[in-house]
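No hydrogens, no waters, no symmetry mates; every other heavy atom, side chains included, goes into these values.
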Amino acid sequence: MIDAKALHLAFADRVLYRSIDLQLGDKDKICLAGRNGSGKSTLLKILGGEAKADSGIISRSKGLRIGFLHQSMEIAQEKSIYEVGFEAFEEAASAAKELEHCQEALTGGNHSLDLLHRMDSLHDTLLRLDYYSAESRTRRILDGLGFDQAAQNRLAGEFSGGWQMRAALARLLLQNPDCLFLDEPTNHLDLESILWLESYLASFSGCFVLISHDRAFVDRVCRSVWEIVNEDLQTFPLPWARYEEEKKMRIEQLEKTIAKQRDERERLERFVDRFKAKASKASQAKSKQKMLDRMEEISIAPIAKSIRLQFPESAPSGKWVLRASKLGKSFGDLNVFSGAEFELRAGERATLVGVNGGGKTTLLRVLLGEEKPSAGQVEIGYNVKVAYFAQYQVLSEEEKN
């Protein structure tokens with residue numbers, strides 16, 4: 001599919017890639033990893049032909065069709081979500097329209113061989129592009145990404161940027177490219193849509209390279225890991241969990257090699273310092289110095305620091321933290337949830353899941369007392385102190401200072 005040799009790229013005095021070689025096969029499923037700022041998105045753009053390296057050679061298979069999902073993409077605001085997805089069939093739609101005109105001409109009495117041959121050619125094009133199943137495929141993929149029938153018929157401009165990115169992803173998948181480049185594809189997806197995308201990629205017939213911070217997602221869909229380290233690309237033909245084990249082993253081996261090199265360097269330096277001024281040993285000392293000069297220093301890439309959160313100790317609470325009894329919430333005729341019964345005990349952890357727009361944030365606000373329930377009640381346990389980190393956290397001027 002794609003073969004790259006000696007890719008070099010630098011911005012001013014900062015080198016991103018010194019001499020990268022890689023090969024992307026027609027069935028490869030790759031996770032591109034690396035520290036923030038290491039050049040992951042840039043490398044995808046170079047491989048996809050949207051950016052150029054300072055030097056190096058890239059070869060792509062003839063006729064290779066590449067689909068690229070960027071972290072930010074624009075779609076036509078005045079079109080419906082369905083129409084945005086159906087843009088993937090632009091060539092086929094154009095052929096279908098021409099075929100319709102040809103059929104009208106045929107009905108009008110034009111029976112020329114040229115017209116009949118053109119109609120045959122257009123029909124073959126529509127079969128090749130799978131046009132006759134285009135509508136059902138568009139509906140199915142949009143549904144998988146969270147757009148029900150009603151949402152598909154709404155204008156794209158009525159949706160948030162995150163939902164518009166879903167529509168852009170649907171359009172990309174419907175193009176059925178040979179090779180997918182996906183830059184953070186799960187950023188705007190809920191759990192159900194992520195699981196749907198996992199299933200889609202598992203059965204995808206082509207190759208893909210993706211960037212993602214979702215380790216569980218990567219481990220389930222990728223077979224190999226490429227990591228940008230020290231201006232180079234290291235390849236691991238392993239899923240993410242095994243890649244981390246292999247990387248740890250490589251670092252341990254590298255540390256041993258560095259220790260041996262350090263010992264050898266110190267031995268040579270002692271010899272040179274001791275005998276460089278002694279005539280009988282001067283030539284040997286000079287030889288040892290050359291060995292020192294030729295010795296390339298081995299280094300280990302800095303390991304990204306892990307974020308550690310530590311919460312201050314709270315006063316002991318009762319055995320249960322909160323209880324919800326026959327809890328419900330409605331906005332006019334819209335029933336968000338009803339009849340909710342649950343409790344959370346001290347020391348327990350719970351995850352609240354559901355589709356986007358399903359009412360997760362509303363439920364949290366009801367539990368916090370920021371929204372009044374339409375039915376039922378919430379009880380907060382004895383001596384329980386509640387904290388809330390909202391999806392969009394706005395700091396006051398006092399907090400900023």
Side-chain angles (χ1 to χ4, degrees), residues 1-74 165 168-169 172 175 177-187 206-213 218 222-238 240 243-244 246-247 250-251 254 257-258 261 293-305:
M1 287 285 190
I2 299 177
D3 188 15
K5 295 186 182 300
L7 295 183
H8 178 92
L9 180 65
F11 296 106
D13 59 346
R14 181 174 174 237
V15 176
L16 280 183
Y17 328 122
R18 195 163 295 281
S19 184
I20 283 181
D21 295 336
L22 62 86
Q23 286 185 324
L24 180 62
D26 60 352
K27 301 294 182 183
D28 285 344
K29 302 182 186 297
I30 308 292
C31 168
L32 180 58
R35 303 180 69 187
N36 286 349
S38 61
K40 301 187 294 294
S41 296
T42 302
L43 182 57
L44 283 192
K45 290 178 183 177
I46 291 173
L47 296 177
E50 297 189 3
K52 291 185 177 181
D54 295 332
S55 60
I57 299 172
I58 296 182
S59 302
R60 300 181 185 88
S61 299
K62 186 177 180 180
L64 179 66
R65 295 175 300 122
I66 295 175
F68 207 131
L69 181 76
H70 298 277
Q71 290 189 38
S72 177
M73 297 183 74
E74 295 184 0
M165 282 296 296
L169 174 58
L172 175 67
Q175 290 169 356
D178 305 308
C179 178
L180 281 169
F181 291 137
L182 305 171
D183 196 345
E184 297 289 357
T186 63
N187 269 3
C207 65
F208 64 76
V209 182
L210 65 83
I211 300 168
S212 177
H213 288 87
V218 167
C222 296
R223 298 173 185 166
S224 301
V225 178
W226 292 350
E227 184 180 15
I228 300 174
V229 182
N230 281 349
E231 303 157 7
D232 192 15
L233 189 71
Q234 296 183 2
T235 59
F236 300 79
L238 303 166
W240 186 270
Y243 143 79
E244 291 188 307
E246 176 67 19
K247 182 180 177 181
R250 290 190 187 187
I251 290 175
L254 194 57
T257 303
I258 290 173
Q261 186 190 62
D293 295 340
R294 289 195 300 267
M295 192 176 289
E296 281 191 30
E297 187 172 353
I298 304 171
S299 63
I300 296 178
I303 298 175
K305 294 181 179 179

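Looking at Leu47 and Leu22, their side chains come closer than 4.5 Å, going by heavy atoms from C-beta outward. In this structure the side chain of Val209 never reaches within 4.5 angstrom of the side chain of Leu43, judged on heavy atoms. With a 4.5 Å cut-off on side-chain heavy atoms, His70 and Lys45 count as touching. Counting only heavy atoms from C-beta outward, the side chains of Thr235 and Ser224 never approach each other to under 4.5 Å. A heavy-atom distance below 4.5 Å is not found between the side chains of Ile66 and Pro177. Between Trp226 and Ile20, every side-chain heavy-atom pair lies at or beyond the 4.5 Å cut-off. The shortest side-chain heavy-atom distance between Asp26 and Asp178 does not fall under the 4.5 Å cut-off. Here the side chains of Ile57 and Asp3 are not in contact, with every heavy-atom distance at 4.5 Å or above.
Distance check, rounded to the nearest 0.5 Å: CZ of Phe236 to CD of Glu244 gives 10.5 Å. For the atom pair Glu227 CD and Lys247 NZ, the distance stands at 3.5 Å (nearest 0.5 Å). Here the SG-OH distance, from Cys222 to Tyr243, works out to 12.0 Å after rounding to the nearest 0.5 Å. Interatomic distance, Leu32 CG to Ser212 OG, rounded to the nearest 0.5 Å: 11.5 Å.
Annotation: side-chain hydrogen bond (donor to acceptor under 3.5 Å, both in side chains) contacts involving residues 7-23, sequence neighbours excluded, comprise Arg18-Glu231.
In this structure a side-chain-to-backbone donor-acceptor pair under 3.5 Å is present from Gln261 to Glu296.
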